[in-house]
Amino acid sequence: MEGAQEELERRSKFLKSLIQKKKTIEQQEQHDHLQHNNVRVRACDMPLPLQNRAFRCARDLLDSMPSKKLDSKRLALTLKKEFDTSYGPAWHCIVGTSFGSYVTHSFGGFVYFSIDKVYVLLFKTAVEPLDHS
Amino acid sequence: MLEGKAMVKETDMSPKMQIHAMASASQALDLYDVYDCISIAAHIKKEFDSVYGNGWQCVVGSNFGCYFTHSSGTFIYFALETLNFLIFKGTSS
């Protein structure tokens, strides 16, 4: 009986340490994620999954640019094409360090965020059928 | 009216509409400070919405790149003074 109790205590401690370790890892990952992404949303009318997709896409591309020099056009192209493909046309994307804009966008299709030192405006407009007349 | 002359970099607009775009930009620069890109963009966009129908988009700045889809015959990108201007109609109504 004492042996059984010892075994239970040992297993209980092991499980507790596993849980604690997992929590620590998760917290660290979350912290790394936020620090690494360095994203700040400045204006938004967009479902969260789409926002996260834009952030991830921007982050991945910026990380892959070897020269560390910003290629605004390439980032804008990548985001626009990804969103046109995934969420239907027509998306528009502006990327840069110094610009202002005034746009009309579809409901739920607008996000303006900064990542590192660059600003990204991504928005959608409705597409009308081609006029065949 | 500013002394500076606008330089068209790329466009598929009719010449008449091009002139209107650059005149509108010049007028906006008279009204607003060169650093107030948003007001300048708003001025131009509203002008085009009222004259040519809704759905126009305008970007103004000294450092930006972009990719977009526009209606046929409704796109111009030009430089005026220290700023670059992008005007296009994004096929919304």
Side-chain angles (χ1 to χ4, degrees), chain A residues 42-43 45 54 57-58 61-62 65 69-85 87-110 112 114-132, chain B residues 9-10 21 24-25 27-29 31-50 52-93:
Chain A
R42 298 174 181 272
D45 170 31
C57 184
L61 189 64
L62 288 176
M65 289 178 176
K69 184 197 173 193
L70 172 68
D71 188 346
S72 301
K73 239 180 184 182
R74 185 173 161 203
L75 179 50
L77 168 62
T78 302
L79 277 167
K80 178 215 172 10
K81 288 205 167 182
E82 169 131 344
F83 272 66
D84 272 349
T85 301
Y87 306 108
W91 290 85
H92 317 278
C93 187
I94 297 104
V95 177
T97 57
S98 176
F99 68 91
S101 65
Y102 205 82
V103 303
T104 303
H105 66 83
S106 295
F107 178 77
F110 173 87
Y112 178 56
S114 65
I115 177 167
D116 296 344
K117 295 178 181 176
V118 62
Y119 291 79
V120 180
L121 171 63
L122 177 66
F123 67 101
K124 185 183 191 186
T125 59
V127 172
E128 294 169 343
L130 289 175
D131 186 0
H132 294 291
Chain B
K9 297 188 173 183
E10 254 184 281
S24 185
Q27 182 182 42
L29 286 175
L31 292 170
Y32 304 106
D33 190 88
V34 74
Y35 297 106
D36 192 359
C37 293
I38 293 175
S39 296
I40 294 168
H43 179 87
I44 299 167
K45 180 248 189 322
K46 290 174 180 175
E47 167 93 0
F48 269 64
D49 274 351
S50 64
Y52 303 106
N54 289 334
W56 289 86
Q57 324 287 2
C58 185
V59 184
V60 178
S62 60
N63 180 304
F64 66 90
C66 53
Y67 254 84
F68 54 93
T69 304
H70 67 86
S71 301
S72 175
T74 69
F75 154 64
I76 186 170
Y77 179 60
F78 62 95
L80 176 58
E81 296 299 327
T82 58
L83 295 175
N84 295 305
F85 294 77
L86 169 69
I87 305 169
F88 67 96
K89 195 177 197 218
T91 76
S92 75
S93 56

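Note that this is a predicted model, so its numbers are computed, not measured. No hydrogens, no waters, no symmetry mates; every other heavy atom, side chains included, goes into these values. Proteins come first, then strands; the chains are lettered A, B, ... in the order of their sequence lines, and each starts at number 1.
Aromatic ring centres of His92(A) and Phe88(B) lie closer together than 6.0 Å.
For a residue to count as touching a neighbouring chain, one of its non-hydrogen atoms must lie under 4.5 Å from one of that chain's; by this rule Asp71(A) does not touch chain B. Proximity to chain B is absent for every atom of Tyr119(A), based on heavy atoms less than 4.5 angstrom apart. Of the atoms belonging to Tyr35(B), not a single heavy atom falls under 4.5 Å from chain A.
Side-chain atoms of Thr104(A) and Thr125(A), non-hydrogen and from C-beta on, never get closer than 4.5 Å to each other.
If you tally non-hydrogen atom pairs under 4.5 Å between each of Asp36(B), Ile40(B), Ile38(B) and chain A, the highest count goes to Ile38(B). Heavy-atom pairs under 4.5 Å with chain A were tallied for Val59(B), Leu86(B), Asn63(B); the largest tally goes to Asn63(B). Ranked by heavy-atom pairs under 4.5 Å with chain B, the list Ser98(A), Ala76(A), Ser72(A), Ser101(A) is led by Ser98(A).
For the atom pair CZ of Phe110(A) and CG of Asp45(A), the computed distance is 8.0 Å after rounding to the nearest 0.5 Å.
Annotation: ring-ring contact (aromatic ring centres under 6.0 Å, His included) contacts of Phe99(A) (sequence neighbours excluded): none.
One side chain, Asn84(B) or Lys9(B), offers a donor N or O that lies under 3.5 Å from an acceptor on the other.
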